[in-house]
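Heads up: numbering here begins at 1 and tracks the sequence.
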Amino acid sequence: MAISPRAMVQGTAAQVQSLPAPLGGWNARDSLANMEPTDAVTLINMFPTVSNLTMRGGYIKHATGLDGNAQTIMVYNYGNNSKMFAATSTGKIYDTTSSGAVGSPVVTGLTNGIWEYTNITTTGGSYLYAVNGVDKPLLYNGTTWTPIDGASTPAITGVTTTTLVNITLFKNRLWFIEKNTLKAWYLPTSSVGGAAQFLDLSSICKYGGHLVDLDTWTLDAGYGVDDNLAFITSTGEVVVYRGTDPASAATWALIGVWKLGSPVGTRAMLKWGGDLLILTYDGLMPMAASLQSSRLDPRVALSDKIQGAITAATTTYGGDHASVGWQVVYTAKHNAVWINIPIADDQQEQYVMNTITKSWAQFTGWSAFCWAIYEDDPYFGGAGYVGKAWDDGYIDDTNNIVTSTLQAFNYMGARGVKKYFTRARPSIFSNGSPAIGVGINIDFDTSDTTAPVNFSPTSSARWDVSTWDSGLWGAGLAIQNTWLGITGIGYCGGLQMKTASSGLEIQWASTDVVYQTGWAGV
């Protein structure tokens with residue numbers, strides 16, 4: 001039976017509870033009745049920092065006019081010479097170093113835009129080397145793109161180069177994976193060509209499958225820090241070698257073979273500090289902790305706190321989507337690691353972790369087929385463009401950024417006591433007046449209790465973009481803590497807040513909630 005506020009005991013004094021913003025981040029693991037007060041049931045487009053929640057930056061279209069979806073972004077680095085290229089689904093590669101409309105493609109006639117690449121410097125120059133397992137590998141020397149086969153200059157002999165599907169640089173030596181096999185191929189040291197030799201892992205991988213990815217893993221094994229070469233198979237076996245020359249038993253050794261969950265996609269590994277992250281159906285696994293523990297202990301995963309969401313995403317969007325879209329990205333500039341998740345062919349989202357606090361959030365609005373870090377900033381491949389993400393203009397191209405948060409349900413220190421919630425006062429720091437909607441969800445109801453938030457932006461100037469004495473400059477951050485009405489009767493409440501803004505920075509520090517306790521029928 002519905003309870004009328006009039007049934008509350010006459011004379012019961014209002015109480016105020018001050019709730020910190022949910023810096024613990026998104027929790028998709030624990031039950032709704034057992035979350036920490038600083039966690040959030042949903043946390044969309046708000047990033048948990050060490051002191052508050054901050055709305056994520058927006059994105060701008062950096063390079064436009066690409067033919068097709070940008071499925072790979074490749075970065076060439078040589079001294080002060082840095083360039084960025086985008087490979088598209090129509091089999092073309094564009095120079096996207098400069099902002100604005102791109103010119104003609106620098107490479108055409110390719111089968112697809114899904115490439116893996118690395119940089120290498122030898123006595124002959126500095127190169128970008130790219131493979132996709134269908135076309136001939138491409139070697140870029142800062143000026144020219146050269147398809148590599150057994151007759152090119154330079155040439156790779158001993159293997160059909162169109163079968164090479166992944167690449168990494170390990171101790172001055174290029175390593176490749178042969179598509180749909182358990183064979184890895186390597187070249188002579190400090191060389192971009194030559195006679196390729198193979199390392200066959202068939203007799204080691206007892207679960208079969210094929211090699212998916214490879215990367216270096218830095219490990220202190222007790223006698224000093226050393227780089228190791230790690231392979232992961234489609235069945236989740238991780239094979240680790242140490243040494244320099246695979247042809248010499250004196251300088252090459254198998255360190256071990258471990259079993260993790262199967263990798264999600266071909267871009268399953270990421271160097272992160274001294275560790276190696278692996279994206280599997282078990283979640284985002286740090287190599288060092290994973291191999292020292294059992295797969296049966298899910299707490300090892302960095303994504304443990306959002307395990308329910310990870311499991312749902314990999315189950316729903318793994319399979320056919322795994323060929324493109326899944327990727328792990330790290331940006332030191334923003335202290336963030338995220339997992340790019342392909343929800344549909346034209347829709348993606350990101351699960352984002354603060355690398356300092358290990359708190360998670362969910363980002364929407366960045367439709368990214370792939371990611372790369374260029375000059376410390378994250379860039380993504382979109383439909384016909386390359387976007388620069390986490391931009392401090394706080395606008396998604398021309399669209400508002402909309403955030404949505406449902407804080408953990410809170411009994412306000414009085415379990416079993418019914419409460420009548422009346423008002424809330426979020427402490428928001430902003431350089432403008434964003435649209436803010438606040439509601440209270442009662443007794444584990446996760447539905448939307450806020451009214452739609454609409455925001456009409458006022459044009460403001462941007463540093464290094466707008467004209468001085470002409471543009472309208474925004475103000476500094478100022479606190480906004482207006483009391484807003486909320487309505488709800490129940491034992492526990494979860495504060496829900498939405499914001500909509502464009503060109504404005506938003507930080508959320510805390511919220512004061514007013515409620516009364518006591519009911520005539522209790």
Checklist entry - Do the charged groups of D215 and R267 touch, with an N to O distance under 4.0 Å? => result no
Checklist entry - Once you round to the nearest 0.5 Å, how far does CD1 of I60 lie from CG of D392? => result 9.0 Å
Item to check | For Q507 against L477, the heavy-atom pair lying closest together | outcome: NE2-CD1, 3.6 Å
Checklist entry - Which is it for K333 and D376 under the salt bridge (Lys or Arg N to Asp or Glu O under 4.0 Å) test, yes or no, and what are the steps along the way? => result CA-CA 6 Å; K333 183 176 181 179; D376 295 327; over 6 Å; no
Next on the checklist: Under a plain distance cut-off of 3.5 Å, with no hydrogens placed, do T49 and N354 share a side-chain donor-acceptor pair?
Outcome noted: no
Item to check | Side chains of I232 and I278 in contact at under 4.5 Å (non-hydrogen atoms) | outcome: yes
Next on the checklist: Check this for me: does any side-chain nitrogen of one of D396 and R56 sit under 4.0 Å from a carboxylate oxygen of the other?
Outcome noted: yes
Checklist entry - Y351 and W26: aromatic ring centres closer than 6.0 Å? => result yes
Checklist entry - Would a 4.5 Å heavy-atom cut-off, applied to side chains only, mark I156 and W185 as touching? => result no
Next on the checklist: So which atom in A389 and which in Y59 form the shortest heavy-atom distance, rounded to 0.1 Å?
Outcome noted: CA-CB, 4.1 Å
Next on the checklist: With heavy-atom distances below 4.5 Å as the criterion, would you say the side chains of V239 and C205 are in contact?
Outcome noted: yes
Checklist entry - With W175, which of Y186, Y129, Y241 fulfils ring-ring contact (aromatic ring centres under 6.0 Å, His included)? => result Y186
Item to check | N/O donor-acceptor pair under 3.5 Å between S404 side chain and I44 backbone | outcome: no
Item to check | Donor-acceptor pair, side chain of D227 and main chain of T216, under 3.5 angstrom | outcome: no
Checklist entry - Using a distance-only test with no angle check, is there a side-chain donor-acceptor pair under 3.5 angstrom linking T118 and T168? => result no
Next on the checklist: Looking at every non-hydrogen atom in both residues, tell me the closest pair between N431 and E505 and how far apart they are.
Outcome noted: OD1-N, 2.9 Å
Next on the checklist: Checking the side chain of Y330 only, and the main-chain atoms of I373 only, is there a donor and an acceptor separated by less than 3.5 Å?
Outcome noted: no
Item to check | Heavy-atom side-chain proximity of L23 to T357 below 4.5 angstrom | outcome: no
Next on the checklist: Could you check, using the six-membered ring where one of them is a Trp, whether F47 and W338 have ring centers closer than 6.0 angstrom?
Outcome noted: no
Item to check | Main-chain N/O of A268 paired with D213 side-chain donor or acceptor, under 3.5 Å | outcome: yes
Next on the checklist: Working to the nearest 0.5 angstrom, can you tell me the gap between L229 CG and I255 CD1?
Outcome noted: 11.0 Å
Checklist entry - Can any side-chain N or O of N119 pair as donor or acceptor with the backbone N or O of N77 at less than 3.5 Å? => result yes
Checklist entry - Is there a donor-acceptor contact under 3.5 Å from the side chain of N166 to the main chain of V212? => result yes
Checklist entry - Are any side-chain N or O atoms of T90 and backbone N or O atoms of D67, one a donor and one an acceptor, separated by less than 3.5 Å? => result yes
Item to check | side chain to side chain donor-acceptor pair (under 3.5 Å) pairs, two or more places apart, involving residues 141-162 | outcome: K136-D149
Checklist entry - Any donor-acceptor pair under 3.5 Å linking the side chain of N69 with the backbone of Q71? => result no
Item to check | Counterpart residues, side chain to side chain donor-acceptor pair (under 3.5 Å), relative to N340 (two or more places apart) | outcome: Q350, W371
Checklist entry - Does F198 reach the side chain of E178, with side-chain heavy atoms less than 4.5 Å apart? => result no
Item to check | Closest approach of A230 to M287 (non-hydrogen atoms, all atoms of both residues) | outcome: CB-CE, 3.6 Å
Checklist entry - Hey, are the side chains of T405 and W508 touching, using non-hydrogen atoms and a 4.5 Å cut-off? => result yes
Next on the checklist: Quiz question: by atom type and distance under 3.5 Å, do the side chains of D135 and T111 form a donor-acceptor pair?
Outcome noted: yes
Checklist entry - Under 4.5 Å between any side-chain heavy atoms of L214 and L211, yes or no? => result no
Next on the checklist: Which heavy atom of S303 sits nearest to which heavy atom of G283, and what is that distance?
Outcome noted: OG-CA, 3.3 Å
Checklist entry - Which heavy atom in G194 sits nearest to a heavy atom in L187, and how many Å separate them? => result O-CD2, 4.1 Å
Checklist entry - Distance-only, no hydrogens or angles: does the E237 side chain make a donor-acceptor pair with backbone N or O of Y207 under 3.5 Å? => result yes
Next on the checklist: Please enumerate all residues that pass side chain to side chain donor-acceptor pair (under 3.5 Å) together with K83, with sequence neighbours excluded.
Outcome noted: Y140
Item to check | K171 vs D226, salt bridge (Lys or Arg N to Asp or Glu O under 4.0 Å): CA-CA, chis, key distance, verdict | outcome: CA-CA 10 Å; K171 293 188 175 179; D226 192 15; 3.1 Å; yes
Checklist entry - Does the side-chain contact (heavy atoms from CB on, under 4.5 Å) test come out yes or no for Y394 and I506, once each step is laid out? => result CA-CA 9 Å; Y394 295 100; I506 298 175; over 6 Å; no
Next on the checklist: Measuring from atom CG of L199 to atom CD1 of I177, what distance do you get when rounded to the nearest 0.5 angstrom?
Outcome noted: 11.0 Å
Checklist entry - Would the W115 and F85 ring centres measure less than 6.0 Å apart? => result no
Checklist entry - Would you say the side chain of N81 lies within less than 4.5 Å of the side chain of Y76, judging by non-hydrogen atoms? => result yes
Item to check | Plane angle bin for F380 and W366 - parallel if under 30°, tilted between 30 and 60°, otherwise perpendicular | outcome: parallel
Checklist entry - Can you check whether A313's main-chain N or O pairs, donor with acceptor, with T316's side chain at less than 3.5 Å? => result no
